[in-house]
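Residue numbers begin at 1 in each chain, while the letters A, B, ... track the order of the sequences.
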Amino acid sequence: MAEGAVLPAETLKDPVVGRSLWVEARGRLVRNKAAFGSIILLGLIAFACIFGPFVTGHPFDKVYPDYVKVPASLSSYPKPDQIEPNIERIGARVRAKAENITIKGDDVQMTLVGQRPIDERLLAYFERSDLFGAAKVLERADEGKRIVVEVPLKRKYFFFGTDTNGRDLLTRTMKAGQVSLAIGLLATFVAIVIGVAYGATSGYLGGRADLVMMRAVDVLYSLPFIFFVIMLVVFFGRNFVLMFIAVGAVEWLDMARIVRGQTLSIKRQEYVQAAEALGVETKGIIRRHVIPNTLGPVVVYMTLLVPKVILLESFLSFLGLGVQEPNTSLGVLISEGAKNIQGATWMLIYPSVTLVAILFCLNFIGDGLRDALDPKDR
Amino acid sequence: MLSYIFRRLLSAIPTLFVIVTIAFFLIRLAPGGPFDLERPLEAKVMENLNRIYQLDRPLIEQYWLYLSAVLKGDFGPSFYLRDFSVAELFARGLPVSMTLGSLALTLAVLVGGTLGAIAALRQNSGIDYLVTGLGALGLTIPNFVVAPIFQIVFGLALAVLPIAGWNNGSPANLVMPVLVLALPQIAVVARMTRAAMIENLRSNHIRTLRSLGLPSLTIVKHALRGAALPVVSYLGPAAAALLTGSVVVETIFGLPGVGRYFVEGALNRDYTLVMGTVVVVAVFVLLFNLVVDILYAIIDPRIRYD
C-alpha cells in the first residue's frame, strides 16, 4: 500500500501542466462533432466566398444578354440546341441565311447565303454575342453572296445558372455571402463593444448608476425594433456599412444585460476585491479583471448574434431597404429568387441553401461553444 | 397582486411617454416630409397643406399638440392614406393581425411545447435529434423563403389552399400565413422547452417525485411547470411582436394587417401613422411584459410581488 502510493520517479520529472478553462473548452469543442464540422464547413464557405469570385471567370456584375435565366448546369454553355437559333438570329442581322451548320468540337462551320453580296464587317455580330468568338471567312463564292464561315464557341459554365439579367449566379452568391458575412461580423462587433462596455460598467458601478443605466436599456427595449432599423435606413440612406454599424448599435441591449449579470457575480470575487484593496482604479479593474472574465458568455452570444444580423439584413433587403444593385447580398438574391420561383427555381434554391448553411453552422458553433464553456458540464 | 398590477400599469406611463417622445423627434429629424413628391408641389399648395396639418408650427408646439391629442385618444389623420384616420386604419388592420398572431402563438406553444417535452424525455434518442434538427432548421430558414415555397406547394402544385388574400378570415386563407408565422416560434419554443425540461428533470424535486413512485404523467406535469418559466419570459415579447403583425407575411400573402404600416409609414414620412404604430407596439410590449410577470407568479409560487 505504502509502496504503491509512491509515484515512480520519472513521472515527477516534468512539472504538472495546468489545464486552463480555454484549453479544456477547446478540447470539448473539437470533440463535439456537429460544432467542429460546422467550424470546418463555415471556414470552407467563407473561403469560397472570399476567393471564389476570382476563380469563376465571371465578374459579379457582368451581364450576359444571351444567357438570361439559364438553368444551373454542370456542363458548359452554349448547349447544342441553343447554337442554331442564335446563328439564325445573327444571320438575319447579317442579312443572310445560314445553311449547313456543323459543330466541330469548339468551332461551328456554316454557309451564309445572301441575296446580295454579304458585308463581311457585319460578321462582327458574332463576336458581340455571348456565344461566339470572332468569325473567320474560309471561302467566298458567287461574288460574295455565299461565304463559308467558321466561328469558335465561347464555352462558359454557369454552375448555379444565371439571374433575370443574365448574371452568373455562382459568382453573385459568393459575392452575396461575402457581403452577408461581413455585415454580420461588423454589426456583431459593434454590438459587442458597446454591450460589453455598457454592461460591465453598469454592473460594476452598481447602485444608482446601475439602476439608471438599466432603466435606459428597458426603455430602448420597448421601442419597436423594426421602427429603429427603418429610421436608420431613412437617416443613412442606402449606405449599408453605416447602416450596419447602426444596427450593431441597436443590437447591444441583450449583450449589456448578459454582461451586467456576469459582472454582478464577478465583482464579489476575491481577485476583484484584492485589486480594489491594492488601489487599482475602477477603469483598470473593469478592463483588466471584469471584462476578460465575462468573455465566455459573450463569445457564445456572438456566434448567435451573427446569424441574427444576417437574417435581419436579408429581411431588410427583402423589403428593398438593404444592399443596393449591382452589389448584392443573400437576402437580395433570395427575394429575387422568390419572385421568380415558378420559372427559375435555381434562383431561390442556391442562395437559400447558402444562407441556411451559414446560419446552421453558426448556430451549431454557438451551441457547441455554450456546452464547451459551461463549467458545470466538466 | 392587484396593487402590484396597478403599480406596474402606473410605471408604464412614463416609459410610454419616453418612447413617444423619442419616436416623435426621431421621425421628425428624418430628412424629407410627407408631401414631398418627385415633382415638388407648388409653394402655395405646400404652404396650405402644411397649415392644414399644422406642420408649419414650431416642432415643440406640434409635439404638445400631438401629445394632448393622443391623451384624448385621437391619433390624427394619416398623411399618406389620406381618406383614413390612423385610428380607422388600426380598427381595420389590428383584428386581422391579432387573429393571425394569436393563432400562430397558440400553435407555437402547443406544438413547440409538446415537441420540446418529448425530446427532453427521450434525450439523445432519434426523436431528440429530429426535434433539435428541425428546430435549427425552423430558426434558420427565413420566413420569406418558406412563404413562397408554401404558396407553390400548397397553392399551385397541390391546389388545396388559396394562394393569398384575406377573404374575411376564412379558415382556408388562414392556414398558410399562420403556419409561416408559427414555424420559427415553434422552433424556439421547442428548443427552450427541451433545454429547460432537461434541467428540470434532473432537479431534486423531480427525483423526490420519482422516488415516491408516482406515475410518469404526474412527474412530467411537475417538470413542465418548472420548465415553463424561461419559455414564458421568451413568449412575452414574442407575443407582442406576433400580434402586431409581420411585414413579410402580410406582404407575401396580401393580408390587410397592420404590419405593413411601419414600413409604409416610415418610408412615406407618414408621421401620424408611424407614431400610431409605435404607440400600439409599445403598449403591446409593456402589456405582455406585465402578463409575463403575472404568469411567473402563477407558475412559480415562490415568486411574490407584494
Contact part of Ile19(B) toward chain A, heavy-atom cut-off under 4.5 Å: side chain, backbone, both or neither? both
Max heavy-atom pair count under 4.5 Å with chain A, selected residue of Val18(B), Leu286(B), Ile27(B), Leu16(B): Ile27(B)
Mind ranking Ala240(B), Ala282(B), Ala23(B), Ala241(B) by heavy-atom pairs under 4.5 Å with chain A and telling me who comes out on top? Ala23(B)
Leu311(A) CG to Phe144(B) CZ distance, which is reported to the nearest 0.5 Å: 7.0 Å
Please flag which part of Leu156(B) lies under 4.5 Å from any non-hydrogen atom of chain A: side chain, backbone, both or neither. side chain
Between Gly265(B), Pro237(B), Pro148(B), Ala147(B), which has the largest tally of heavy atom pairs under 4.5 Å with chain A? Pro148(B)
Ile22(B), part contacting chain A, at a heavy-atom distance under 4.5 Å: side chain
Region of Arg260(B) that comes under 4.5 Å of a non-hydrogen atom in chain A: neither
Using non-hydrogen atoms and a 4.5 Å limit, figure out which bit of Leu26(B) sits close to chain A: side chain, backbone, both or neither. both
Could you list the residues that satisfy side chain to side chain donor-acceptor pair (under 3.5 Å) with Thr272(B), not counting sequence neighbours? Asp270(B)
Which bit of Leu29(B) comes within less than 4.5 Å of chain A, counting heavy atoms only: side chain, backbone, both or neither? both
Within the supplied structure, the quantity of interest is the number of heavy atoms (other residues, nucleotides, ligands) at a distance under 6.0 Å from Tyr234(B) OH; does it exceed 12? yes
Under the side chain to side chain donor-acceptor pair (under 3.5 Å) test, which residues partner Ser203(B), sequence neighbours left out? His205(B)
